[in-house]
Visitor: 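First, the structure itself, so that you have it in front of you.
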Amino acid sequence: MKNQPVILLATGFVDGRGGSKMCSWFYDEMVARGYKVIVATNSMYKYKLNELRLKCDVVIDLNPEDSQETIYNKCMEGLKDVNFDYMVSMGWRTYWPYIAYKRKIPYIMVDGGIPINYDQYPTPFIKEVYANTKLFLMTTWFNWKAPKSKIIPNIKVVTQPYPYKRVEAMREIRNKPKEYFREILANKFPEIRDYEYDLMVYLNLSDAYVDPFNFGPNNRNFVDPWGHQMADYMAQNEIEPSLFFLFKLIAGFETNYPGKVLLYLMQEKTKFISEPIVKMCKKVKTIATSGLDINLDPLIKKAADVNICRATNCDNQADLSLIGEPTVTSVVPRSYMDEDTAAI
């Protein structure tokens, strides 16, 4: 297809895995439609895109010691020779969109929530950048009325950017029984076959929300056992309730549920962090994967008896809706990303 515009798909200034999954889905669909897509990210986030086999064309080298102005300068330098017609920025921070704003290139911002406060350059939430975005797309999975903003006049509530092929695949998963997927998953997780559990639970809580090294100054001069640096996008008062929720849930299953529980945790790091509590339990066993496999993940959700989600607007809620599974929503931390009010 000739004369298709070039899209710059930018991400990396977010936590969790939602941004990387949305990038992967958006990229696949746009390429299938004949668009050229350039992917830009940073060195701390690149591994999350690599997990999904997404090639990164522009990678800026970040350091936990970088000032906000330094980050903007690195973004500017990274894109100075990159020509594009539109920018789609996955995430609510303005590091990437600021470049499009300065170059007068149309841009769209995508996230599940909008900022509480707006400021000036070089903060991560530049008022003028939000005011001039062509659209701010708030992703959710149900009919939700978007919050009003005096700064952002063009907020639109949309679903997750699923490729059509993924929607078809999810519908096929919907129509098969849990036992079918447990047999498939037992090859990767023998515990599903060998451990005599009474309840299988999928806890959708990304390791970013329970990692005590994921905020400053704890992230400085620190590389975790998996070779990753933390980016300091979470605050201490956001990680503390999430970490305690993880511990409390495990303890609650041990003391309040009458049977044995097989608890699936999203990442190996979360399992590692939870081990001191699990070692005190006799009825709770945890399993996890080393990285994210977006094709395997819906099978685990379908196989579980109970799915617990940290967030209301997240892609995991949308997955569960597509495969016909109910969910329990924890909403931790509170007052974060519009998640307290989204489902009301």
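If you're wondering where the values come from, they're calculated on a predicted model, not measured in any experiment. Along the sequence shown, residues carry numbers from 1.
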Visitor: Could you pull out all residues at least two apart from Ser67 that satisfy side chain to side chain donor-acceptor pair (under 3.5 Å)?
Guide: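 If we apply the side chain to side chain donor-acceptor pair (under 3.5 Å) test to Ser67, skipping adjacent residues, the hits are Thr70.
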Visitor: So which pairs with a foot in residues 20-30 pass side chain to side chain donor-acceptor pair (under 3.5 Å), sequence neighbours left out?
Guide: Lys21-Asp315, Lys21-Asn316, Glu29-Arg33
Visitor: Can you list everything that forms a side chain to side chain donor-acceptor pair (under 3.5 Å) with Tyr107? Sequence neighbours excluded, please.
Guide: none
Visitor: Atom CD1 in Ile99, atom CG in Asn73: separation rounded to 0.5 Å?
Guide: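 The CD1 atom of Ile99 sits 8.5 Å away from the CG atom of Asn73.
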Visitor: Under 4.5 Å between any side-chain heavy atoms of Thr123 and Gln68, yes or no?
Guide: yes
Visitor: According to side chain to side chain donor-acceptor pair (under 3.5 Å), who are the partners of Gln267, at least two apart in sequence or on a separate chain?
Guide: none
Visitor: Salt bridge check, Arg17 against Asp207: does any charged N sit closer than 4.0 Å to a carboxylate O?
Guide: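 A salt bridge links Asp207 with Arg17.
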Visitor: State plainly whether the residues Lys271 and Glu268 are in salt-bridge range, i.e. N to O under 4.0 Å.
Guide: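 Answer for the salt bridge query: no.
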Visitor: For the pair Phe13 and Tyr95, name the ring-plane relationship: parallel under 30°, tilted 30 to 60°, perpendicular over 60°.
Guide: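 Tilted, since the angle between the ring planes falls between 30° and 60°.
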Visitor: So among Asp305, Asp297, Asn307, which one has a side chain to side chain donor-acceptor pair (under 3.5 Å) with Tyr202?
Guide: Asp297
Visitor: How are the rings of Phe125 and Trp92 set relative to one another: parallel (under 30°), tilted (30 to 60°) or perpendicular (over 60°)?
Guide: perpendicular
Visitor: Assess the side chains of Tyr209 and Thr270: does a donor N or O sit below 3.5 Å from an acceptor N or O?
Guide: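 Thr270 and Tyr209 do not have a side-chain donor-acceptor pair below 3.5 Å.
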Visitor: Apply salt bridge (Lys or Arg N to Asp or Glu O under 4.0 Å) to Asp319 and Lys302, showing your working.
Guide: CA-CA 10 Å; Asp319 279 356; Lys302 185 68 178 181; over 6 Å; no
Visitor: Please go through Phe213's hydrophobic cluster and name the other residues, only I, L, V, M, F, W, Y counting, with side-chain heavy atoms under 4.5 Å joining them.
Guide: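 Reading the cluster by chain and number, Phe213 sits alongside Phe222, Met230.
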Visitor: Identify, with sequence neighbours excluded, every residue that meets ring pair (Phe, Tyr, Trp, His ring centres under 6.0 Å) alongside Tyr197.
Guide: none
